[in-house]
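Take a look at the structure set out below.
So you know, we letter chains A, B, ... as the sequences are listed, proteins then strands, and number each from 1. Only a predicted model underlies this, so the values are computations on that prediction, with no experimental measurement involved.
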Amino acid sequence: METLIKKCPECGGINLFFNKEKGEVICKDCGLVIEEKMIDFGQEWRDFDEEGGESRRRAGAPSTFTKHDQGLGTDVGKVGDLYSISDKKERNKFFRLRKWQYRISTAIERNLKLALSELKRVSSYLKLPESVEEEAARIYTQAVQRGLVRGRSIESVVAASIYLACRIHRIPRRLDEIVTEAKTNRKQISQAVRLILFQVKVDVPLPSANDLIPRLSADLALKGRTVKRATEIIRTARKERVTIGKDPGGIAGAALYIASILEEDRRTQREIAEVSRVTEVTIRNRYKELVRSLGISFEPK
DNA sequence: CTTTAGACGAAGTATTA
DNA sequence: TAATAATTCGTCTAAAG
């Protein structure tokens, strides 16, 4: 699915991944898109602002998420069809319905236009790959259609959409990183995250320690074997169910610590704690826990 | 002097009543 | 809203290297 290619021109990281589905080469360390749009299966979000009128409906939610009664593209009959209805009252009723639908959908589109420019702004600051930006736009659209933005700031829902999109695409971005770019506070954003998680779609993978490994190990300049070892440790740890409810950063850091000792590529707890954004204490607790529950022996010192 | 281990309470979070 | 349970953090002490 994902294959290693070369070096990142931006940060020099070696963790480049080719995402066939999106046709992109992404640096997992800094999130930079090196090559993009080799193939494009995505929805046409990019030209949203330039396009007008009916043609926008092309950019509706992908069919997998679309419910026939909730999409923007739902019409109350065509104008031509209405004239074939003989009853005058019935006909007027349909016209009224069309009118309402027009009002609702233009309101949504106005909101969307505003939101998407904010989305573009934030995601470019964060150097997020386009696939994530598109995902965020999809999520936001769903949120608007379900009226989740009412009573909330557009910015907070946009930020939440971006955060969730990052998680879906397994690109490690902490909520704080998004908070610094967004124009709202953390509380509002996490509220919106919860709301979307609950109301909109649910296919958001839990944050996994494995996703952090590339970024962290690049910062630590670890050997390939060490990285691989750490990945294996996390895999078995997850199988043993000892990772649930724990900070992924702590798990990832602990796995890297163990791996670095096992592969004679040693780093101190302090070094690892720094890049993992957890404290040495947490690294210690997690790694003790892992050693115990996975039965890892510590001969080579 | 540096790294690691472990204990304690404080602080923020999620769940429940 | 308040109480609870689990988790991480900061700090301190101590041992090992």
Lys223(A) to Glu263(A) - nearest heavy-atom pair and separation: NZ-O, 3.6 Å
- prompt: Lys288(A) has a side chain; which of dA14(B), dT8(C), dG6(B) sits nearest to it?
  reply: dG6(B)
task: Report the residue from Leu220(A), Ile213(A), Asp265(A), Leu216(A) that forms a side-chain contact (heavy atoms from CB on, under 4.5 Å) with Val227(A).
output: Ile213(A)
- line: Ile258(A) CD1 to dT4(B) C1', in whole Å, measures 14 Å
- prompt: Of Glu280(A) and Arg194(A), whose closest DNA chain B nucleotide lies nearer the 5' terminus?
  reply: Glu280(A)
field: Minimum side-chain heavy-atom gap Arg235(A)-Glu240(A) below 4.5 Å
entry: no
task: Whenever both distances are under 3.5 Å in a Watson-Crick or G-U wobble pair, mark it; put DNA chain C into dot-bracket that way, with [ ] for crossing pairs and | when the partner is on another strand.
output: |||||.|||||||||||
message: Between Ser208(A) and Arg238(A), is the side chain to side chain donor-acceptor pair (under 3.5 Å) condition met? List the steps.
response: CA-CA 9 Å; Ser208(A) 132; Arg238(A) 184 180 296 156; 2.9 Å; yes
task: Compare the minimum distances between each of dA5(B), dA14(B), dT7(C) and the side chain of Tyr287(A), then state the nucleotide with the smallest one.
output: dA5(B)
Considering only nitrogen or oxygen atoms on both sides, find all protein atoms under 3.5 Å from nucleotides 9-13 of chain C and state each distance.
{"unit_1": "dC9(C)", "atom_1": "OP2", "unit_2": "Thr279(A)", "atom_2": "N", "d": "3.4"}
{"unit_1": "dC9(C)", "atom_1": "OP2", "unit_2": "Thr279(A)", "atom_2": "OG1", "d": "3.3"}
{"unit_1": "dC9(C)", "atom_1": "OP2", "unit_2": "Thr282(A)", "atom_2": "OG1", "d": "2.0"}

field: Atom-to-atom span, CD1 of Ile261(A) to P of dT3(B) - whole angstrom
entry: 13 Å
- prompt: Whole Å only: how far is the CD atom of Gln191(A) from the P atom of dT13(B)?
  reply: 12 Å
field: Worked verdict on Arg215(A) versus Glu177(A) for salt bridge (charged side-chain N to carboxylate O under 4.0 Å, His left out)
entry: CA-CA 15 Å; Arg215(A) 195 176 173 178; Glu177(A) 295 179 79; 3.3 Å; yes
message: Is there a side-chain contact between Asp247(A) and Ile251(A) in this structure, where contact means two heavy atoms from C-beta onward sitting under 4.5 Å apart?
response: no
- request: Determine whether Tyr140(A) and Asn111(A) make a side-chain contact, defined as any pair of heavy atoms from C-beta on separated by less than 4.5 Å.
  value: yes
message: Donor-acceptor pair, distance only, cut-off 3.5 Å: does the side chain of Glu271(A) make one with the backbone of Thr268(A)?
response: yes
query: Given atom CZ of Arg286(A) and atom C1' of dG6(B), what is their separation to the nearest angstrom?
result: 14 Å
query: Just to confirm, is there a sub-4.0 Å distance from OP1 or OP2 of dA5(B) to any side-chain nitrogen or oxygen of Gln269(A)?
result: yes
query: Over how many whole Å does the gap from Glu289(A) atom CD to dT8(C) atom C1' extend?
result: 12 Å
query: Is Pro129(A) close to Val132(A) at the side-chain level, that is, under 4.5 Å between some pair of heavy atoms?
result: yes
